[in-house]
Number of protein chains: 2
Amino acid sequence: MTAPAAAEPRQSLTADDWARAALEAIASGGLDAVAVEPLARSLGVTKGSFYWHFPNREALLRAALELWERRETEDVLARVGDEPDPYERIVKIFKEANAGYRSGRLYLAIAAAEDNPLVNEFVQRVSTRRMGYLLQSYQALGFDSVRAAHWARFAYATFMGNLQIRRDTPEMMPTGAAFNEYLKLMFKTLIPRETIARGIGEDGLIAAATRSQEGGDTQ
Amino acid sequence: MTAPAAAEPRQSLTADDWARAALEAIASGGLDAVAVEPLARSLGVTKGSFYWHFPNREALLRAALELWERRETEDVLARVGDEPDPYERIVKIFKEANAGYRSGRLYLAIAAAEDNPLVNEFVQRVSTRRMGYLLQSYQALGFDSVRAAHWARFAYATFMGNLQIRRDTPEMMPTGAAFNEYLKLMFKTLIPRETIARGIGEDGLIAAATRSQEGGDTQ
DNA sequence: GCTTTTCAATACGCGCCCGTATGGTTTTGT
DNA sequence: ACAAAACCATACGGGCGCGTATTGAAAAGC
């Protein structure tokens, strides 16, 4: 613990190395942690390197956000893109989002700087795309677009909130079997699959919602 | 638009004035916006004033957080503390949290800096207290503590997520009648009434619950 | 009336970050 | 082998925020 340490620069840094480091910095220190000199130190180089790869700090920020957006969409697509069953698709999205703590933190950290117009632009796109998946899935479950939008928003809000809870008050989150129970409860509640067969009426929704709590909750 | 403008300092500033200004700053610029010199400018004075009222920046931050915690608990207590019906209590918490956009922004801004130990301490307390209300309410609805914890967490996550959506992608949030529909959907889903009839068996509660379904009044 | 106390302006040094300028070293092409 | 390009170090000026020191002026106490 003598100095901030310096990872040896294997060969020669690329712009992408800087972008990755910037994302790392955001995840653990927020948007303001994207500072040229500290990043240079953590990469074991000096500013001289940076200003060869980028014209200024904002360019780095943009590169980092682009990397983030790419990863985000690729990941989601790769994991749930080919799932045919809409129910399972929603489940996968949920689990994926609830499992990857790291990416969750990153999302929250970036979203926290939504006042920055550049950041806001990216958050907008990523959020819209994610919500789009959910919307499609709920429509595939048989909901008309209005109700699908409500349920999709509901589900999205819930998992965003879970991320927040996980970050801010981890003790509130159950672990092990209890966590699985919690997940199951949310699935049953947020994905009323009976609605498809039963036709879509107000009563159907209520039935689906209420029934969700008495199902066998073993394991 | 010549300078950042300066609100005239009515009389003489108090420590509380500074704390209020600091909270304002957090709401619109994040934790880092709590900076002595900028705040002094916005208050129409100089640092000389600040360092009479506070020993340093951290003291201001603490004062702001204390003010926040006080407001937060007072507000919640004042609005839903005396509501006897647990169903209505949950509804009120939800509506309150979903209506006050300002306080929501503030919460998110503060929580975004949970890496700061001081901040984390306060977030912890406020979150725990809020969650406590929900937990009690669900227990009053007839759930055993495990299930009540699950439902409370679920509801809390959902409304935290709604805050986030409202801040980051406001277009996703419906307005007017559609918003009331959305709220109703969440109420019906997150506050299962069946348990009331099964558990406590108070007819009055059921009446109150059904009554609340039609009075959607949250702009 | 005069002294304290209260509140605030001004001036200074420090640290940290940005961006530029300039030069140095290592690779690559031929 | 030599020039060009890629990559990085060092040094500088400027901005901005923190904290201290010192002085100044209005209100309160006696």
Side-chain angles (χ1 to χ4, degrees), chain A residues 2-26 28-65 109 113 115-119, chain B residues 2-26 28-65 109 113 115-119:
Chain A
T2 49
E8 70 228 59
R10 299 201 158 284
Q11 290 270 15
S12 213
L13 293 179
T14 75
D16 226 62
D17 290 327
W18 282 95
R20 268 190 291 273
L23 261 192
E24 271 291 320
I26 294 179
S28 57
L31 226 258
D32 300 321
V34 181
V36 177
E37 282 167 330
L39 275 180
R41 279 193 290 271
S42 86
L43 286 174
V45 293
T46 64
K47 297 192 301 185
S49 167
F50 174 82
Y51 283 100
W52 192 89
H53 296 286
F54 296 93
N56 51 38
R57 180 182 174 276
E58 185 180 339
L60 172 62
L61 197 58
R62 168 171 280 113
L65 289 170
D115 49 291
N116 182 323
L118 178 63
V119 171
Chain B
T2 48
E8 71 227 58
R10 301 198 160 287
Q11 288 270 16
S12 214
L13 293 180
T14 76
D16 226 63
D17 290 327
W18 281 96
R20 269 191 291 272
L23 262 192
E24 272 290 318
I26 294 178
S28 56
L31 226 260
D32 301 321
V34 182
V36 178
E37 282 167 329
L39 275 179
R41 278 194 289 274
S42 86
L43 286 174
V45 293
T46 65
K47 297 194 298 186
S49 168
F50 174 82
Y51 283 99
W52 192 91
H53 297 284
F54 296 92
N56 50 39
R57 178 182 176 276
E58 184 179 340
L60 172 61
L61 197 57
R62 168 171 280 114
L65 289 171
D115 48 292
N116 181 323
L118 179 62
V119 170

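Letters go in sequence order (proteins before strands), and every chain restarts at 1.
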Q | Interatomic distance, Arg41(A) CZ vs dT10(D) P [rounded to whole Å] | A | 14 Å
Q) What residues form a salt bridge (charged side-chain N to carboxylate O under 4.0 Å, His left out) with Asp16(A), not counting sequence neighbours? A) Arg20(A)
(Q) Below 4.0 angstrom, which residues in residues 18-26 of chain B have at least one non-hydrogen atom near DNA chain D? (A) none
**Q.** Contacts of type side chain to side chain contact (heavy atoms under 4.5 Å, CB included), residue Ala33(B), not counting sequence neighbours
**A.** Ala25(B)
Q. Parallel, tilted or perpendicular: which describes the rings of His53(B) and Trp18(B), with under 30° parallel and over 60° perpendicular?
A. tilted
Q) Picking from dT10(D), dA9(C), dT20(C), which would you name as closest to the side chain of Thr46(A)? A) dT10(D)
Within the sub-3.5 Å range, which N or O atoms of nucleotides 2-7 of chain D have a protein N or O partner, and how far apart are they?
unit_1: dC7(D); atom_1: O3'; unit_2: Ser12(A); atom_2: OG; d: 2.8

Q. In Å and rounded to the nearest 0.5 Å, what is the CG to CG distance from Leu39(A) to Asp17(A)?
A. 12.0 Å
**Q.** Heavy-atom closest pair, residues Ala19(B) and Ala64(B)
**A.** O-CB, 3.9 Å
Q: Using a 4.5 Å cut-off on heavy atoms from C-beta on, say whether the side chain of Val36(B) contacts that of Tyr51(B).
A: yes
Q: Provide, to the nearest angstrom, the distance between the CG atom belonging to Leu39(A) and the P atom belonging to dC8(D).
A: 14 Å
Q: Find the distance Glu37(A):CD to dG13(D):C1' and express it as a whole number of Å.
A: 13 Å
**Q.** Distance, nearest 0.5 Å, that separates CD of Glu24(A) from CD1 of Ile26(A)
**A.** 10.5 Å
Q: Would you kindly give the CZ-to-C1' distance between Phe50(B) and dG17(D), to the nearest whole Å?
A: 12 Å
Q: Using whole Å, report how far CZ of Phe54(A) lies from P of dT20(C).
A: 15 Å
**Q.** Atom-to-atom span, OH of Tyr51(A) to P of dA11(D) - whole angstrom
**A.** 18 Å
Q.
Once rounded to the nearest 0.5 Å, what's the spacing between atom CG of Asp115(A) and atom CG of Leu118(A)?
A. 11.5 Å
Q: Side chain of Ala35(A) only, please: which of dT20(D), dC17(C), dG17(D) is the nearest?
A: dC17(C)
Q | N/O donor-acceptor pair under 3.5 Å between Arg57(B) side chain and Val34(B) backbone | A | yes
Q) Got Leu31(A) and Val119(A) here, is their nearest side-chain heavy-atom distance under 4.5 Å? A) yes
Q. In residues 56-64 of chain A, which residues come under 4.0 Å of DNA chain D by heavy atom?
A. none
Q: Please list, chain by chain and in numerical order, all residues satisfying side-chain hydrogen bond (donor to acceptor under 3.5 Å, both in side chains) with Glu58(A), sequence neighbours excluded.
A: none
